[in-house]
Number of protein chains: 2
Amino acid sequence: MKLNDITIKDIAERANVSKSTVSRVLNDLAIVNPKTRKTVLEAAESLGYQANVFARGLASGRSMTVGVVTQKIGSPFYDMMMQGVIQGFTGTGYSPIFVDGQWEQSTELDVIRTLMGRKVDGLILLGGDISQKDLDQLREQIPTVVVGKDVAGWEGQCVYVDNFSGAYDATQHLIEFGHREIAIVRGIIHHQDAIRRFQGYAQALADASIELDPDLVLDGNFTAQSGIIAVNSLLMRGKSFTAVFCANDMVAYGARLALQRKGIRVPEDVSIVGFDDQAESSYVSPPLTTVRQPGVEMGVVAAEGIVQLMQGGTCEFPVMNAELQRRESVARITSQ
Amino acid sequence: MKLNDITIKDIAERANVSKSTVSRVLNDLAIVNPKTRKTVLEAAESLGYQANVFARGLASGRSMTVGVVTQKIGSPFYDMMMQGVIQGFTGTGYSPIFVDGQWEQSTELDVIRTLMGRKVDGLILLGGDISQKDLDQLREQIPTVVVGKDVAGWEGQCVYVDNFSGAYDATQHLIEFGHREIAIVRGIIHHQDAIRRFQGYAQALADASIELDPDLVLDGNFTAQSGIIAVNSLLMRGKSFTAVFCANDMVAYGARLALQRKGIRVPEDVSIVGFDDQAESSYVSPPLTTVRQPGVEMGVVAAEGIVQLMQGGTCEFPVMNAELQRRESVARITSQ
DNA sequence: CAAGTCGTTGCAACCGGTTTCAGTAAAGAT
DNA sequence: ATCTTTACTGAAACCGGTTGCAACGACTTG
């Protein structure tokens, strides 16, 4: 099946040393005579040796893999983080193995169990909904970092963006442009990011002495479809509004479409702001003003951090910040 | 590190049998007395036994993992296939391990080497640019299926869509709607899909007795940016056209934006058709008429196929077909 | 010159399974 | 009653590494 049946033993014979010596050279964890070392290295090289991961894993207990739990492959923000993770691991000797939690707590626990069964050396959780208890328990068994949310008691060991100030900036931007009737389509109700974003929105309004109007607060679930529904219900109710701040870009797309269907122009009649800055957002019509999350960077940082952790070190992540990308979906309001 | 240090030996002691018997029960590959069997199973259950993958792999040579090489995590079409693959593997006992080829041949070979080093039992290649020679060589070493392109000599062992007829249908749709000056923005020049799509376009024109105008053929690279550039150069040249068929949806977004920037309306002035049907396309403005590729299904089918192959069977994939999704980016032309 | 060090290396046990081969007891055949 | 089967089970080798411990030669040291 595999061409590569050269083992450490073959090298040993070729170099006239014992298996142990070869192993020591290959992992350089003991002093070996430089000359011997060279001979072994050459032998290994010329034979094209590649260690058998099973044997190594069995003997050492380490697998050189880390499990990465994502929530839904194909979801823009999580995909960015995955890219970052891959990037962050290249050259470290560790390989990520990705599994998908499908946004479901039970599935998530399942896949983590599978990962543990596969003896991963570390765990990166991208988002997810596991309970604090399970999380804490997990961390005791295996080096873990969480990306995309902050967990109580894990200060510095979570990579996340400041959703509050991102949302605050976005809302303030709308206010600066003269908007006062600003609707919001929230994300999944118990989702941490969604909550923080709502708080940022609320604070920005408060700071501008604009009363928060409950009728302008709609619930959604991060999908384009939910943006459509939210806008339609807003329209149906006959509520007046000049801008809508969306839970993420997909919701913004939906909102945009729903408005157009009613003959309402964006941004001339209603302005829209999204959150995420997914790849398409620069190219839709009009290009979407949105809050950029540094997804790729977060992935990179997480990968680097877990490597530290697995090597017995510690890691301390800074809070990443989300930056408003001003494009063309927001217009100035002159008079009402 | 792990709570789970129960081994086959513990079960053996608990059930008063030998390791061998336990192994036989657990893999049921030999006749074991039903009573003994039951005892062992119960012991395993009550101890919460989970096999050590390293030991199993070392002894049996099988890892129960299959390597999946994608080209770029975050790319809509490939992501759909990944989702499908995950779906297709659930419940089979195999786990996919994803790596990213980054659209580069050398990287791709590298990651495949890594996968082989990790002793995957099978390989799924999503797209990719490896040479036919390398591919053939690979297939001799390990069960392999290729998704997203067809390889000479691998009939039935590749999962791919009929790009030709997808493109043909799209172009014909434009022709039916009265278009005769149909531009095309092609994908990466040597990319198989891009070539097939171009051929479909050309054939549809030919069948309608429309001469293919080389000035209406632009090159791109599947990115939105390339759509913008293509349309701009078309406009710059002052060439007249009423529709543009794009290599994929991202290109279509770019084209759409470039047109808008010049005050050209879609679809009133110029119609656009894309390819892929990525999630956003239903919600952009106007909702994009595009050719849907059944990415998820392809992934599922590929996963099921490789399982067959790994178990010593064979598999025979049908050609998937691409279906035109008529939405709102194409308008009828009445008079020129 | 004997004893003690140090640097370097080999032996062998071990990691936790799978698998071959031989052995035992019960059932069937002669 | 003896000889074959048949059904089932155990001992032990093996997979390919890692690692503790002993050993060995050369070099100091007393």
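By convention in this document, chain letters (A, B, ...) are assigned in the order of the sequence lines, proteins followed by strands, and residues within each chain are numbered from 1.
Ring geometry for A:Phe222 against A:His191 counts as perpendicular: the plane angle is over 60°, on a 0 to 90° scale with 30° as the lower cut. Between A:Phe98 and B:Phe98, the two ring planes are tilted [angle within 30° to 60°].
In this model, no side-chain donor or acceptor of B:Lys19 finds a partner on the base of D:dG10 within 3.5 Å. Residue A:Thr7 places no side-chain atom within donor-acceptor reach of the base of D:dC15, judged by atom type and a 3.5 Å distance cut-off alone.
With 3.5 Å as the limit, one finds a donor-acceptor pair spanning the side chains of A:Arg118 and B:Ser95.
Within 4.0 Å (heavy atoms only), B:Val17 reaches sugar-phosphate atoms of the nucleic acid but no base atom.
A sub-4.0 Å separation between OP1 or OP2 of C:dG10 and a side-chain N or O of A:Thr21 is present. Taking 4.0 angstrom as the limit, B:Asn27 places a side-chain polar atom (N or O) nearer than this to OP1 or OP2 of C:dT18. Side-chain nitrogen and oxygen atoms of A:Asn33 include none within less than 4.0 Å of the OP1 or OP2 phosphate oxygen of C:dG7. Between B:Ser20 and D:dG10, a side-chain N or O to OP1/OP2 separation shorter than 4.0 Å is absent. Remark: A:Ser18 is in phosphate contact with C:dG10, judged by side-chain N or O atoms under 4.0 Å from OP1 or OP2. For the pair B:Thr36 and D:dT9, the criterion of a side-chain N or O lying under 4.0 Å from OP1 or OP2 is met.
Note: CZ (B:Arg56) to P (D:dG17) measures 21 Å, nearest angstrom. A straight line from CG of A:Asp28 to C1' of C:dT9 spans 17 Å, rounded to a whole angstrom. Protein atom CG of A:Leu58 is 7 Å distant from nucleotide atom P of C:dG16, rounded to whole Å. Between the CG atom of A:Asn16 and the P atom of C:dT9 there is a distance of 12 Å, rounded to whole Å. Separating the CZ atom of A:Arg24 from the P atom of D:dT18 is a distance of 11 Å, rounded to the nearest angstrom. Atom C1' of nucleotide D:dG16 and atom CD of A:Gln50 are separated by 14 Å, given to the nearest angstrom. Rounded to a whole Å, the NZ atom of B:Lys35 is 12 Å from the P atom of C:dA26. A:Asp10 has its CG atom 13 Å from the C1' atom of D:dG17, to the nearest Å.
You'll find that the side chain of B:Ala55 is closest to C:dG16, out of C:dG16, C:dT19, C:dC15. Closest to the A:Leu29 side chain, of the nucleotides D:dG17, D:dT19, C:dT8, is D:dT19.
The residue among B:Ala59 and B:Pro34 whose nearest nucleotide of DNA chain D lies closer to the 5′ end is B:Pro34.
Within the 4.5 Å cutoff, the side chain of A:Val66 has heavy atoms near those of the A:Ile124 side chain.
Remark: aromatic rings of B:Tyr78 and B:Trp103 are close, center separation under 6.0 Å.
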